[in-house]
A.B. asks: 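I am attaching a structure below and will ask some questions about it afterwards.
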Protein chains: 2
Amino acid sequence: MAATRSTGRRERLRAETTAEIKLTALDLMRSGGPDAITLRAIAREMGMTANAIYGYFATRDDLVTALIADVYTALADAVDTAWADSARRAPAERITAWAHAFRDWALTNPEGFRLIYGDPVPGYQAPAGGPAPDAARRVCVGIAALADAARAGTEPAPDESGFTWDDFDPGLLHKVRPAFPDLPPAGVALALRIWGHLHGLITLEVYGHLRAQTFAPDKLFRSELDQLVRTLNLGR
Amino acid sequence: MAATRSTGRRERLRAETTAEIKLTALDLMRSGGPDAITLRAIAREMGMTANAIYGYFATRDDLVTALIADVYTALADAVDTAWADSARRAPAERITAWAHAFRDWALTNPEGFRLIYGDPVPGYQAPAGGPAPDAARRVCVGIAALADAARAGTEPAPDESGFTWDDFDPGLLHKVRPAFPDLPPAGVALALRIWGHLHGLITLEVYGHLRAQTFAPDKLFRSELDQLVRTLNLGR
DNA sequence: GCGAAAACTATACGGCGTGAAGTTTCTGAA
DNA sequence: TTCAGAAACTTCACGCCGTATAGTTTTCGC
């Protein structure tokens, strides 16, 4: 017990420093973009030496990986919350709420969005399996929920899509199928396609490509959602 | 005349070196990703000093901007060619051809795609107006052509979208409206939405997010196009 | 109180973009 | 043909970066 308490103190300090490093990194990212995440800048900000950080993260990439996981989790939390908060509403409204939560998070945290989905940081190599597969799957499952909610409002179309379970990552299916037992393979495909739709519009907007063409990206996004709801046969 | 010939020679050498710099940079990008584009590496490859490049590009960002313009032009050429080559086919097939050309180019040149649409290079700041607004608009016009081809196959739906010409960049409209005089504002919005759909799926695929979830991204893309053709009322 | 482990610093290396100054090469006119 | 000047290019320097190695200080468990 005494030993536990002692190591507990060390571990607590360690955890605090680890958290401070990540927080400082996120601060730097917010003010200077993902490129501003440098070990030396973090150390400078914290009044340490750059090498001290190596006691907490083996390499800069490890730190970035941890940041991606954290930020991705925050995104997943945001959309999950929107979904849960709209539990009593109609599917069309829930889908709209989910999608708006997704876009709002991205526009509020553009640097975080770029960290997750773009080239995070100069020379960064994502570790095998991706840095935040769990959060990524949470987002996918969220979209599967959209697809499932839609399916509930329409007759089960004959599955002529040609998709089978073998087309999808087992890790994803492991999360999706128990949650939505009636969702067919084509439903998962639909979910991924919807993901692509939203991701594309948001990415173009976050990276400034959309704003070069239209002054009303929000109107465009709403229009997209209207069309989505209509496509899913949820009525307007 | 003599003077012209002389300056002509200097200018020719200069143009050749400029081209060699860009070519070397693209080579480095292809083999090592956008991050590999460094002045020193280019110079090393060319047997010069890094500072010699400053005689041709004022900063590294200027070089990157020129590269983006070139690569974006290559992309625009690729999709324009696909569109032109399918001139005698049905709209549904043309749209499919265009979209496949877009995706094929992206998958064949993932580094170029990331250069255009991602964070091009550490610390790169795009100049005002974007590096390749012309190529970007060419791509947008291409998608407007898709939307216009679709519109031709369907009755003009009452425009309840709420879009007006004021919602769009004049530079874009300047190219789109003369080419497609009957396309309403909602048609431009549709074009941008389609752009978003394709861009999203392709981006997720190029950045590896999609492959983490499905083994059949191509099937997914075809499914997306089927749905697009159906949505546009172009028949199967 | 002490030995060990953990946390942290100092120094160094090579790579990066880029500024300033110096050198070579080419050119167009006297 | 020679020569001033411009253009092309090199050298050196600075301050960034990640990170490896070695040394120092602080802290903890006994």
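We name chains A, B, ... by the order of the sequence lines, and we start the count at 1 in each one.
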A.B. asks: Expressed as a whole number of angstroms, how long is the span from A:Ile42:CD1 to D:dC17:C1'?
C.D. replies: 12 Å
A.B. asks: Using whole Å, what does the distance between atom P of nucleotide D:dA20 and atom OH of A:Tyr54 come to?
C.D. replies: 6 Å
A.B. asks: Please determine if B:Arg137 and B:Asp134 form a salt bridge, counting it only when a charged side-chain N lies under 4.0 Å from a carboxylate O.
C.D. replies: no
A.B. asks: As a test of reading the structure: which of C:dA10, C:dT18, D:dG18 is closest to the side chain of A:Asn51, going by heavy atoms?
C.D. replies: C:dA10
A.B. asks: With nearest nucleotide decided by heavy atoms, which residue, A:Ile53 or A:Arg40, maps closer to the 5′ end of DNA chain C?
C.D. replies: A:Ile53
A.B. asks: Once you round it to whole Å, what is the distance between P of C:dC8 and CE of A:Met46?
C.D. replies: 8 Å
A.B. asks: Check this one for me: any side-chain N or O of B:Arg44 less than 4.0 Å away from OP1 or OP2 of C:dC16?
C.D. replies: yes
A.B. asks: How close or far is atom P of C:dG19 from atom CZ of B:Arg60, stated in whole angstroms?
C.D. replies: 13 Å
A.B. asks: Using heavy-atom distances to pick each residue's nearest nucleotide on DNA chain C, tell me which of B:Asp61 and B:Leu13 is more 5'.
C.D. replies: B:Asp61
A.B. asks: Less than 4.0 angstrom from a charged side-chain N to a carboxylate O is my criterion; do B:Glu11 and B:Arg14 meet it?
C.D. replies: no
A.B. asks: May I have the distance from A:Phe57 (atom CZ) to C:dC8 (atom P), rounded to whole angstrom?
C.D. replies: 13 Å
A.B. asks: Which distance, rounded to the nearest 0.5 Å, do you find between the OH of B:Tyr54 and the CG of B:Leu39?
C.D. replies: 5.0 Å
A.B. asks: Side-chain N or O of B:Arg14 versus OP1/OP2 of D:dA8: is the shortest distance under 4.0 Å?
C.D. replies: yes
A.B. asks: Taking OP1 and OP2 of D:dC9, is either one under 4.0 Å from a side-chain nitrogen or oxygen of B:Tyr56?
C.D. replies: yes
A.B. asks: Rounding to an integer number of Å, can you tell me how far B:Arg12 CZ sits from D:dA8 P?
C.D. replies: 14 Å
A.B. asks: Using a cut-off of 4.0 Å on non-hydrogen atoms, how would the nucleic acid contact of B:Thr59 be classed: base, sugar-phosphate, or nothing?
C.D. replies: sugar-phosphate
A.B. asks: For A:Gln125 and D:dG18, give me the distance from atom CD to atom P, rounded to whole Å.
C.D. replies: 16 Å
A.B. asks: If you round to the nearest 0.5 Å, how far is CD1 of B:Ile53 from CG of B:Asp62?
C.D. replies: 12.5 Å
A.B. asks: Among D:dT10, C:dA10, C:dC8, which nucleotide has an atom closest to any side-chain atom of B:Ala52?
C.D. replies: D:dT10
A.B. asks: How long is the line joining CE of A:Met48 and C1' of D:dT24, in whole Å?
C.D. replies: 15 Å
A.B. asks: Is the shortest side-chain N/O distance from B:Thr38 to OP1 or OP2 of C:dC16 below 4.0 Å?
C.D. replies: yes
A.B. asks: How are the rings of B:Phe102 and B:Trp98 set relative to one another: parallel (under 30°), tilted (30 to 60°) or perpendicular (over 60°)?
C.D. replies: tilted
